[in-house]
Amino acid sequence: MKKNGFTTSILHSDRRSPIEHGAVHKPMHTASEYGYEDARELAAVFQGKAGFTYARQGTPTTTALEAKITGMEGGVSSVSFATGMAALSAIFGTLLRAGDHLVSSQFIFGNTTSLLGTMAALGVEVTFVDATDAEQVRAALRPNTRMVFVETVANPGTQVADLRGIGALCKQHNLVYVIDNTLTSPWMFRGIDVGAALVMNSLSKYIGGHGHALGGSVTDTGLYDWSGYAAIHDAYKKGPPTGWGLLQIKKKGLRDMGGTLAAEPAHRIAVGAETLALRMRQHCNNALALARFLQGHDGVSKVYYPGLEGHPQHERAKDLFGGRYGALMGVELVDGIDCFEFLNRLEVVILATHLGDTRTLALPAAHTIYYEMGPARRAQMGIADSFLRISVGIEDEADLLGDFDQALHACLKA
Ligand SMILES: *Cc1c(COP(=O)(O)O)cnc(C)c1O
């Protein structure tokens with residue numbers, strides 16, 4: 001059978017098995033528990049047969065969403081979680097033990113930095129490096145290094161990790177390569193293409209896309225052989241060793257830690273995912289237009305966006321993401337303009353945290369989402385006090401550019 005394209009595959013994924021009453025859209029299953037006619041069948045499902053028992057470990061609704069994500073990422077299977085942070089907690093918390101070493105990019109989401117601090121307090125050794133250079137990752141490796149973690153395009157500094165170089169390095173040293181694909185989404189980039197073992201997505205962002213539901217996922221690319229990985233419990237050494245890691249993440253992350261995605265948000269995210277490709281095109285086009293416009297504006301001193309030729313990893317981004325550059329950018333204004341004053345003059349743009357919404361959102365990063373980490377860590381991540389994070393939405397381009405222009409002019413005149 002001919003392999004369908006990106007959007008067709010998502011739209012028709014549910015129909016691979018029959019839907020009740022011939023419904024065209026998959027219904028939402030909100031039951032907490034699942035009953036069986038035969039006690040042996042119930043026991044079999046507890047012992048590993050595919051099926052449902054208690055909703056903490058998944059429902060037909062989360063399974064349907066997971067199938068869509070697996071398809072988008074070109075992976076083998078996926079597990080969904082209540083949030084992106086629950087997905088990351090499950091990866092680090094179930095696969096790393098005290099005494100293991102993790103190498104992480106220093107350019108990562110603030111809450112992930114904080115989570116890795118929690119892991120360090122539990123005895124996991126964590127080293128932060130500049131992951132735009134695979135050699136820095138190599139230099140940080142130790143005999144007890146188990147895992148390397150990077151974001152594709154860093155939130156919010158937009159640094160682009162050396163995704164291919166790090167993939168080759170992880171393969172050479174048999175390390176678990178984990179990529180947070182949130183800012184690019186599987187429409188722009190797939191971790192499997194650079195050798196990732198696990199790909200994490202915050203479904204709250206582009207995949208859901210509408211700002212009405214939180215969720216996270218981990219996709220197993222099937223590339224990593226877990227047979228030599230010490231932290232896998234005997235109970236999860238079932239089936240091919242390439243699947244052991246995700247089984248442990250699912251069992252411990254959902255059943256033990258309980259970070260389960262409920263049916264209602266899972267359903268909303270699945271509906272949102274159907275338009276991922278349509279939305280991403282508009283997000284990316286708007287962002288590139290806005291970045292170019294701001295770069296040439298009198299009121300702006302610096303724009304951080306991988307689509308601009310002056311961005312340090314522009315060529316790499318072009319190669320990795322097929323000529324699309326995402327929709328997150330950083331902006332610094334000229335000295336005379338107070339960034340709070342500027343933000344308050346925006347009319348279309350909403351002053352709010354979050355990214356990947358259909359609406360354009362902006363906030364002063366150092367004073368909000370990166371406030372808690374303090375100035376030294378912010379400097380390491382390349383976030384100046386005046387850094388504005390902008391998540392570009394899908395509004396009409398002229399309205400967006402016009403809004404930034406009017407706010408900048410008003411500030412320049414003041
Ligand atoms: C938002 C985000 C997360 C966390 O996702 P939530 O769904 O908000 O928990 C993780 N990584 C990146 C890059 C993000 O932008």
Side-chain angles (χ1 to χ4, degrees), residues 62 65 69 73 78-93 104-119 128 131 149-161 163 178-189 191 196 198-219 253 257-262 264-266 268-270 272-273 276 280 283 287 304 306 321 325-330 352-357 361-363 365 368-370 372-373 381-383 387 389-393:
T62 55
L65 172 64
I69 297 163
E73 287 288 358
S78 303
V79 186
S80 58
F81 290 91
T83 63
M85 291 316 300
L88 288 170
S89 300
I91 294 173
F92 301 132
S104 169
S105 168
Q106 75 195 39
F107 306 120
I108 54 171
F109 182 51
N111 299 164
T112 309
T113 309
S114 175
L115 171 61
L116 291 179
T118 305
M119 295 305 300
F128 291 101
F149 173 74
V150 299
E151 293 181 7
T152 50
V153 177
N155 173 7
T158 76
Q159 298 90 346
V160 181
L163 296 167
V178 181
I179 297 183
D180 179 338
N181 196 21
T182 300
L183 263 75
T184 26
S185 91
W187 182 71
M188 278 172 59
F189 174 76
L198 300 170
V199 180
M200 174 270 170
N201 279 285
S202 165
L203 307 175
S204 325
K205 312 291 171 60
Y206 296 104
I207 292 180
H210 40 50
H212 286 279
L214 303 185
S217 65
V218 182
T219 299
M257 295 170 167
T260 308
L261 179 62
E264 164 89 19
R268 288 181 186 217
I269 291 164
L276 176 64
M280 284 307 280
H283 277 294
Y304 301 81
F321 310 138
Y325 303 96
L328 194 87
M329 73 179 69
T353 188
H354 195 37
L355 63 93
D357 197 286
L361 312 173
L363 52 67
T368 55
I369 48 175
Y370 293 89
E372 186 186 293
M373 66 176 57
M381 297 182 71
I383 305 164
F387 187 103
R389 186 182 80 171
I390 299 162
S391 168
V392 181

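Whatever order the structure lists ligands and atoms in, that order sets their numbers, starting from 1.
- A ring-centre distance under 6.0 Å is not found for Y370 and F387.
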Could you walk me through whether L116 and I108 pass the side-chain contact (heavy atoms from CB on, under 4.5 Å) test, one step at a time?
CA-CA 11 Å; L116 291 179; I108 54 171; 3.9 Å; yes
Between the protein and ligand 1, which nitrogen or oxygen pairs come in under 3.5 Å, and how far apart is each?
residue, atom, partner, partner atom, Å
ligand 1, 5 (O), S202, OG, 3.0
ligand 1, 7 (O), G84, N, 2.8
ligand 1, 7 (O), S202, OG, 2.8
ligand 1, 7 (O), S204, OG, 2.6
ligand 1, 9 (O), G84, N, 3.0
ligand 1, 9 (O), M85, N, 2.9
ligand 1, 11 (N), D180, OD2, 2.7
ligand 1, 15 (O), N155, ND2, 3.1
ligand 1, 15 (O), K205, NZ, 2.8

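- Using modelled atom types and a 3.5 Å distance limit, the side chains of N111 and S114 yield no donor-acceptor pair.
- Among residues at least two apart or in separate chains, side chain to side chain donor-acceptor pair (under 3.5 Å) pairs with a member in residues 204-218 are S202-S204.
- At least one donor-acceptor pair under 3.5 Å links the side chain of T113 to the backbone N or O of F109.
- Here the options are F92, F128, F107, the test is ring-ring contact (aromatic ring centres under 6.0 Å, His included), and the partner is F149; only F92 passes.
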